[in-house]
J.: 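Questions regarding the structure given below will be posed in turn.
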Protein chains: 2
Amino acid sequence: MPTGVDAAALTGRPGLRLTGPRRAVLEAVAAAATPFTAEELAQSLPGVGRATVFRTIRLLQDLDILCRVPLEDGSIRYQLSRGDHHHHLVCSQCGAVGEFDDPELDRLIQRNARRAGFTLASHSLELYGSCRACSPGRG
Amino acid sequence: MPTGVDAAALTGRPGLRLTGPRRAVLEAVAAAATPFTAEELAQSLPGVGRATVFRTIRLLQDLDILCRVPLEDGSIRYQLSRGDHHHHLVCSQCGAVGEFDDPELDRLIQRNARRAGFTLASHSLELYGSCRACSPGRG
DNA sequence: ATCTTTGCAAAGCTTTTGCAAGCTT
DNA sequence: AAGCTTGCAAAAGCTTTGCAAAGAT
């Protein structure tokens, strides 16, 4: 398992076909060092039609292979999803995006929803700031 | 104080002018019962230029008068901001958006950031589900 | 053989921009 | 008077769609 995703992600799904373009997108996505925009992905794959890139991004999101990362400025980037449920740590300096999960945090979120008489279906949490490498050494 | 915002929000800010169009947008925003899209706001103000509506939305966001509410499907709505720091409870059924704040939650978020070696600048948390009115009675 | 997927180009949305005219202070 | 703001219309992003050809199982 080189990167965690490969063609197998699409094989075996009834009604889904593993095609050249999809394989190419999958490889590019798996190889990406940092989160990318749809535009960047499309540009890195000149041989794949633009529409196909967008369609595949959507497909991979539905399959939980790719996750959408909303930046602070409202733009959207994508990153290979490394876990089921998680949150993002977005570095405003270098663009790196880390993931984390915290059951306690989720519990607290659930509690707030309940308090408001809200039946929670899902939630999204993004943290923005500077990653370790980009943070000024504080002491 | 009828709704919490009025022309005063723009008066007194050096370099900012209180114009008819802005007054109109401000009133529409204050009167809105539910979160709205830029498109809806523009349509409700036929007398105000589209560009002005967008520019004013941005201005009001910068002034913390309006807050951006990202929906689950990626679309954006806006709502009068009722507090400084807060999170959203978005009802997928009726579209209502509530706000809440929880210092404990923020502390936990801060802790997760620190653990990851992250210097936190800001964060955004949106909860999606069904509000009390739209939730099926459970028991 | 059947049903899915692709690519292209056009169409769709949403938001921004340039600039002269019009307001506010 | 000085300079912020408006409106229009064009331009700019970004994403989706229609459809015939190509591909996968």
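Naming: A, B, ... by sequence-line order, numbering from 1 per chain.
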J.: Locate the shortest heavy-atom distance separating B/Phe118 from A/Tyr128; write the atom from each residue and the value.
T.: CE2-C, 3.7 Å
J.: Check nucleotides 17-21 of chain C for protein N or O atoms closer than 3.5 Å to its own N or O atoms and list the pairs.
T.:
none

J.: Check side chain to side chain donor-acceptor pair (under 3.5 Å) between A/Gln110 and all other residues, then give those that pass, not counting sequence neighbours.
T.: none
J.: Quick one: closest heavy-atom pair of A/Gln79 and A/Glu99, and the distance?
T.: OE1-OE2, 3.7 Å
J.: Testing the basics here: between B/Leu80 and B/Ala30, what is the closest heavy-atom pair and its distance to 0.1 Å?
T.: CD2-CA, 4.1 Å
J.: Quick check: closest heavy atoms across A/Pro35 and A/Val97, and the distance to 0.1 Å?
T.: CG-CG2, 3.3 Å
J.: Tabulate atom names and distances for all N/O pairs under 3.5 angstrom spanning the protein and nucleotides 2-4 of chain C.
T.:
| unit_1 | atom_1 | unit_2 | atom_2 | d |
| --- | --- | --- | --- | --- |
| C/dC3 | O2 | A/Arg17 | NH1 | 2.5 |
| C/dC3 | O2 | A/Arg17 | NH2 | 3.3 |
| C/dT4 | O4' | A/Arg17 | NE | 3.4 |
| C/dT4 | O4' | A/Arg17 | NH1 | 3.3 |
| C/dT4 | O3' | A/Gly15 | O | 3.2 |

J.: For residues 49-67 of chain B, dump all side-chain donor-acceptor pairs below 3.5 Å to protein atoms at least two apart in sequence or in another chain.
T.:
| unit_1 | atom_1 | unit_2 | atom_2 | d |
| --- | --- | --- | --- | --- |
| B/Arg50 | NH2 | B/Glu39 | OE1 | 2.4 |
| B/Thr56 | OG1 | B/Thr52 | O | 2.7 |

J.: Need the bend value for the helix from C/dA1-D/dT25 to C/dT25-D/dA1: angle between end axes, 5 pairs each end, nearest 10°.
T.: 40°
J.: Assert yes or no for the condition that the ring centre distance of B/His123 to A/His88 is strictly below 6.0 Å.
T.: no
J.: Is B/Gly74 touching bases, backbone alone, or none of the nucleic acid, heavy atoms closer than 4.0 Å?
T.: nothing
J.: Which atom names give the shortest non-hydrogen contact between A/Ala116 and B/Arg132, and what distance separates them?
T.: O-NH2, 3.6 Å
J.: Listed by chain and number, what are the side chain to side chain donor-acceptor pair (under 3.5 Å) partners of A/Asp101, not counting sequence neighbours?
T.: none
J.: Using every non-hydrogen atom in the two residues, find where A/Cys94 and A/Cys131 come nearest and quote the distance to one decimal.
T.: SG-SG, 3.8 Å
J.: If you find the nucleotide of DNA chain D closest to B/Thr19 and the one closest to A/Phe54, which residue's nucleotide is nearer the 5' end?
T.: B/Thr19
